[in-house]
Amino acid sequence: MRRIEREKFVETISSLCKEVNYSLPLSMIKALIKARENERDERPREVLSILIENARIAKEKCVPICQDTGFVIVFLDIGRDLRVDFDINSSVQEGVGRGYKEGYLRQSIVSSPFERKNTGDNTPAIIHINLIDGESLQITLFAKGAGSENQGGLFMLKPSDREKIEDIVVSYVKEKAPYVCPPIMVGIGIGGDMEIACLLSKKAVLRDIGRFNENLAIAQMEKNLLFKINNLGIGPGGLGGMTTALCVNIEVASCHIGSLPLAINFGCYATRYKRITI
C-alpha cells in the first residue's frame, strides 16, 4: 500500500495556493485569445488584450492576477488503497496558511459573519473529500473570489418547469453577468437536492473550457445557452461585444420525483484553479 507523507501533502497545498493566484489555467488563456480573435470591434478586443497581458505579467512576476485572492476550496479524490495516516483537515489548513503567508496573498476570510474578524492566514479552507479506486491522490484547489460567488443563485423548480430552464438561466445571467468581471464561466448544477445542486454548479465551473458534457443532449443545452448568453451583448468588461461567456458547463445528478433543483455559479475572467495528482 502506497503511503503519502504529511509534509509533502502540506507543501503541495501551500504551493498550489500560490500557483493558482499567479497563473490562469491554460484553457482559460486559450479561450481569451480565441475570444479576442472573434471580436469585431476594437473596444472588446482591447479589453481582452488587457486581460491577457495582466495574466502574462502575473505569471512572470509571481504576483496575484486579482486583488481578491479568494476563499480556498479543496477537492480531494483519495484512493482507497492510499495510506493517509495524518489528519487531512488540519494539514490542508496548515498548507493554506503557509501558502498565503509565503506568497504575500491577501487574507480574505473572517471567523464570523457577524464579528468580521480576519483569521490572519486565509483559513479555514472548505474541503470536499471523495473516495476513489486505486492509490492516487488528486487535489483540485480553487481560489474563489467573492465578486463571482456573490452572484450565484439557486432555483427550486417543479419538474414541469423543465422546458423553462434555458430561459431562467439566460435571464439570470443577463442580470448578474455585468457584476462578475466578464467574460465569464457559467457553471450549472441540475438535480440532486439544494446543496448538491449548488455543489454541482461549482464543480461545473472547474471543467476545462471547451470540454462539453459527455451526454449529447446536455452538451447541446450547453451550446444553446452559450449562444444565447453571448447574444446578450454584455461583452468583455461589460462594455459590449460578442464574448459575454467563455463557456457554459452543466453537471447533473438524480433527484426526487417532485423536485428540479437548478443552481448557477459563476467564474470571472480570472477563474483560478489547478488540479494535480500526487
>> Counting only heavy atoms not in Arg56 (residues, nucleotides, ligands), do more than 12 fall under 6.0 Å from its CZ?
In response: yes

> Between Lys34 and Glu37, does a salt bridge (charged side-chain N to carboxylate O under 4.0 Å, His left out) hold up when you go through it step by step?
Replying inline: CA-CA 5 Å; Lys34 183 179 179 181; Glu37 294 171 351; over 6 Å; no

> Under 4.5 Å between any side-chain heavy atoms of Ile73 and His128, yes or no?
Replying inline: yes

> Would a 4.5 Å heavy-atom cut-off, applied to side chains only, mark Met185 and Arg207 as touching?
Replying inline: no

> Does atom CZ of Phe86 have more than 12 heavy-atom neighbours, drawn from other residues, nucleotides or ligands, at distances under 6.0 Å?
Replying inline: yes

>> If I compare all heavy atoms of Lys228 with all of Glu166, which pair ends up nearest, and what's the gap?
In response: NZ-OE1, 2.6 Å

>> Are the side chains of Ile257 and Pro159 in contact, using a 4.5 Å heavy-atom criterion?
In response: no

>> Check this for me: does any side-chain nitrogen of one of Arg43 and Asp41 sit under 4.0 Å from a carboxylate oxygen of the other?
In response: no

> Which pair of non-hydrogen atoms, one from Gly99 and one from Cys17, has the smallest distance, and what is that distance?
Replying inline: CA-CB, 4.3 Å

> Cys268 and Ser148: which non-hydrogen atoms are nearest, and at how many Å?
Replying inline: N-CB, 4.1 Å

>> Can you tell me how the ring of Phe155 sits relative to the ring of Tyr172, calling it parallel under 30°, perpendicular over 60° and tilted otherwise?
In response: perpendicular

>> Any heavy-atom pair between the side chains of Val180 and Val173 that's under 4.5 Å?
In response: no

>> Between Leu200 and Val252, is there a side-chain heavy-atom distance shorter than 4.5 Å?
In response: no

> Are Tyr273 and Asp208 close enough that some pair of their side-chain heavy atoms sits under 4.5 Å apart?
Replying inline: yes

>> Is it true that, when you exclude Glu53 itself, more than 12 heavy atoms of the residues, nucleotides or ligands shown sit nearer than 6.0 Å to its CD?
In response: yes

> Looking only at heavy atoms, which two atoms of Tyr269 and Ile65 are closest? And how far apart?
Replying inline: OH-O, 4.5 Å

> Would you say Gln107 and Thr123 make side-chain contact, with heavy atoms under 4.5 Å?
Replying inline: no

>> Quick check on Met156: does its CE atom have over 12 non-hydrogen neighbours (other residues, nucleotides or ligands) under 6.0 Å away?
In response: yes

>> A quick test of your reading: do over 12 heavy atoms of other residues, nucleotides or ligands sit less than 6.0 Å from CD of Glu42?
In response: yes

> Of the non-hydrogen atoms in Ala245 and Leu226, which two are nearest, and what is the gap between them?
Replying inline: O-CD1, 3.5 Å

>> The test is side-chain contact (heavy atoms from CB on, under 4.5 Å); show your working for Ile209 and Met28 and say whether it passes.
In response: CA-CA 7 Å; Ile209 296 172; Met28 173 70 79; 4.0 Å; yes

> Do you know the tightest heavy-atom contact between Ser136 and Arg2?
Replying inline: CA-NH1, 4.0 Å

> Is atom CZ of Arg80 surrounded by more than 12 heavy atoms (other residues, nucleotides or ligands) closer than 6.0 Å?
Replying inline: yes

>> Looking at Lys176, I'd like to know if its NZ atom is crowded, meaning that more than 12 non-hydrogen atoms belonging to other residues, nucleotides or ligands lie closer than 6.0 Å.
In response: yes

